[in-house]
Amino acid sequence: MDQKTHEQAELADDGTVCAGCGAVAEGTPPTWTCSVENGERRYFCDHCARENIRAIEGRLDSSWW
């Protein structure tokens, strides 16, 4: 399986980066959204997820929104 694991998607310093705005959080906040696009996990902060929830639920890749 070539899908990145949860650990691979995080930064070396145990931070997670929002794929939308670049915000950094310690660990993986439970309120952030995880989306799998082209076999790669992408994390979105609260703000980016709220702004694009319909596209996320419709399984549109973030490049479309």
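Listed here is the closest heavy atom pair of W32 and V17: CZ3-C, 3.9 Å. Closest heavy-atom contact between F44 and S35: CE1-CB, 3.9 Å.
Between the OG1 atom of T33 and the CZ atom of R50 there is a distance of 9.0 Å, given to the nearest 0.5 Å.
Scored by the side-chain contact (heavy atoms from CB on, under 4.5 Å) test, C21 finds C18, A23, C45, C48 as partners (sequence neighbours excluded).
In this structure, T28 and Y43 have side chains that are in contact, with non-hydrogen atoms separated by less than 4.5 Å.
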